[in-house]
Amino acid sequence: FGMFASFDAGKHWQPFQLNLPVTPVTDLLVYRKDLVVSTQGRAFWILDDIGFLHQVEPADKDKPMALYRPENPYRTQVRGTLGRLAVYASFKEKPKKFKLEILDAEDKVIRAYDKLKAEEGLNRFSWDLTHEPPEKIQGAIISLSNTRGPRAVPGKYAVRLTVGEESLTQPFEVLKDPRWEHISVADLQEQFDLQVEAGKAFTQSHDLIKDVREIRTQVKDISSRADKAGYSEDVKKAAEELSKNLTVLEEELIQTKNESGQDPINYQVKLDNQLAYVYSSASSQDSKPNRSIRERFEELKAQLDKAAETFQALEAGDLKDFEKLLQENDIPRIIYKEKK
């Protein structure tokens, strides 16, 4: 007749079938908190991670929500379920909106999910053990680099579930892969710290690109409208010079010719992609970063600092002069053709 479960020491039983076919169950074995099911005619079945079932209380079904303490995940280079945190939560009613957050040992939010979907009853969510990724310009082509968030260093963490004004929190620990005996937690912390630095630099480069593009768009737009309205030719010349200098800076920061993932084969990668490559290389193996990665990052960081100084000089010089020229020529920020 299949499989049944009791959550009150056998006083009451309920079907525990899930996707298991209705078939005679000839034996059950719990191995490392996985349930191995032997059936008559349907071979062996395995239900992963039944640890949370030990926490289920009969009263949970009457609570607005319940959050169960997750099994401690392993940080490992093996992809798949081993390197992920499984979070189980139940809801009395389907929630319209809720938030799931991962906290570090200082209760700082390192990953937040607020667009998840859930159903009434038991739900399972997953965290891939990574922090928030660095911010990237939409559509940017980044070659040979992985810009996902840095992986969590082994240690104490917590998961928090929030619906409206009510929150539930459960602790857990990220464990180090025990097979990597020669790699210490301190090595992984050093790797994480370098990746955070490189990620911030990558984000800074793309923030700088956004500013350059935004200013150039506005300068070109107001210059074009001023030209059509018959204002001084000096405004057009100043706008062209400022736009040219901004474009030179942009092309140092990002390869503007890239339009597809194959284009970096033909066009030289620029500063943002090189920073992304260092960011990616720093985490390619679970180990302490080698000297060459750190030295290369310092070289690229110096280039980024120089680019930021160039942008600040353009702001203080050419851009201020352009704004002064607009003021001297009484050019309004909004130019339109008045109706007679």
Side-chain angles (χ1 to χ4, degrees), residues 1-20 22 25 28 30 32-35 37 45-75 80-133 148-149 151-152 154-175:
F1 298 106
M3 192 159 60
F4 295 77
S6 172
F7 296 97
D8 56 6
K11 294 178 181 178
H12 302 88
W13 291 85
Q14 64 187 58
F16 193 64
Q17 202 66 20
L18 303 177
N19 63 336
L20 177 68
V22 177
V25 174
L28 298 172
V30 176
R32 293 184 178 177
K33 295 190 178 179
D34 291 340
L35 179 64
V37 181
W45 289 66
I46 298 176
L47 176 61
D48 294 335
D49 187 16
I50 64 167
F52 82 95
L53 290 176
H54 302 157
Q55 306 172 51
V56 173
E57 301 285 346
D60 287 350
K61 68 181 188 308
D62 298 320
K63 297 177 182 177
M65 63 178 180
L67 177 65
Y68 302 102
R69 181 169 182 166
E71 290 294 313
N72 295 332
Y74 283 95
R75 169 174 165 163
T81 56
L82 279 176
R84 306 184 76 87
L85 176 77
V87 179
Y88 292 93
S90 64
F91 299 96
K92 185 176 181 180
E93 298 179 355
K94 180 178 179 178
K96 294 181 179 179
K97 188 176 181 181
F98 68 99
K99 182 165 58 176
L100 194 71
E101 297 169 306
I102 305 298
L103 315 174
D104 64 13
E106 284 74 42
D107 289 335
K108 178 184 176 182
V109 176
I110 61 172
R111 202 70 194 264
Y113 302 93
D114 56 7
K115 294 183 180 180
L116 296 173
K117 294 182 179 180
E119 300 295 332
E120 176 186 339
L122 184 67
N123 294 263
R124 174 176 171 166
F125 309 104
S126 180
W127 176 48
D128 64 358
L129 306 190
T130 64
H131 289 237
E132 294 289 350
R148 69 175 187 169
R151 283 184 290 174
K156 297 183 182 300
Y157 295 85
V159 57
R160 181 167 65 197
L161 176 67
T162 303
V163 178
E165 300 297 322
E166 184 178 359
S167 291
L168 298 175
T169 303
Q170 290 286 3
F172 66 93
E173 187 173 354
V174 173
L175 305 175

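For Arg111 and Asp128, the salt-bridge test passes: some basic side-chain N is under 4.0 Å from an acidic carboxylate O. Taking a cutoff of 4.0 Å between a charged side-chain nitrogen and a carboxylate oxygen, Glu120 and Lys94 do not qualify as a salt bridge.
At distances below 3.5 Å, not a single donor-acceptor pair connects side-chain atoms of Asp107 with backbone N or O atoms of Ala105. Checking side-chain atoms of Gln17 against main-chain N and O of Leu20 turns up a donor-acceptor pair under 3.5 Å. No donor-acceptor pair closer than 3.5 Å links the side chain of Ser90 to the backbone N or O of Met65. Checking side-chain atoms of Arg69 against main-chain N and O of Phe172 turns up no donor-acceptor pair under 3.5 Å.
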- Would you check, one step at a time, whether the test side-chain contact (heavy atoms from CB on, under 4.5 Å) holds for Lys63 with Leu168? CA-CA 12 Å; Lys63 297 177 182 177; Leu168 298 175; over 6 Å; no
Between Phe7 and Asp60, does the side-chain contact (heavy atoms from CB on, under 4.5 Å) criterion hold? Intermediate values first, please. CA-CA 11 Å; Phe7 296 97; Asp60 287 350; over 6 Å; no
>> Could you walk me through whether Asn19 and Trp45 satisfy the side-chain contact (heavy atoms from CB on, under 4.5 Å) test, starting with their C-alpha distance in whole Å, then the side-chain angles of each, then the deciding distance to 0.1 Å, before giving a yes or no?
In response: CA-CA 10 Å; Asn19 63 336; Trp45 289 66; 4.0 Å; yes
### Message
Go through it in stages, so that I can follow the logic: the residues are Leu129 and Ile102, the test is side-chain contact (heavy atoms from CB on, under 4.5 Å), and I'd like the CA-CA distance, side-chain angles, deciding distance and then a yes or no.
### Response
CA-CA 9 Å; Leu129 306 190; Ile102 305 298; over 6 Å; no
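Using a 4.5 Å cut-off on side-chain heavy atoms (C-beta onward), Val109 and Arg160 make contact. You'll find the side chain of Leu85 stays beyond 4.5 Å of the side chain of Tyr157, heavy atoms only. The shortest distance between side-chain heavy atoms of Trp127 and Ile110 falls below 4.5 Å. Proximity of Val37 to Leu28: side-chain heavy atoms (C-beta onward) are separated by under 4.5 Å at one or more points. Counting only heavy atoms from C-beta outward, the side chains of Phe91 and Val163 approach each other to under 4.5 Å.
Heavy atoms from other residues, nucleotides or ligands lying under 6.0 Å from NE2 of His54 number more than 12.
Atoms CG and NZ, on Leu103 and Lys156 in that order, are 14.5 Å from each other to the nearest 0.5 Å. Atom NZ of Lys33 sits about 11.0 Å away from atom CG of Leu53, to the nearest 0.5 Å. Summarising the geometry, atom CG belonging to Leu116 is positioned 4.5 Å from atom CZ belonging to Phe98; distances are rounded to the nearest 0.5 Å.
The heavy-atom pair separating Asp34 from Ile46 by the smallest distance is CB-CG2, 4.3 Å.
A tilted orientation is assigned to the rings of Tyr68 and Phe52, their planes being inclined by 30° to 60°.
For the residue pair Ser126 and Arg84, a side-chain donor N or O sits within less than 3.5 Å of a side-chain acceptor on the partner.
When Thr162, Leu161, Asp114 are each tested for a side chain to side chain contact (heavy atoms under 4.5 Å, CB included) with Leu100, only one passes: Leu161.
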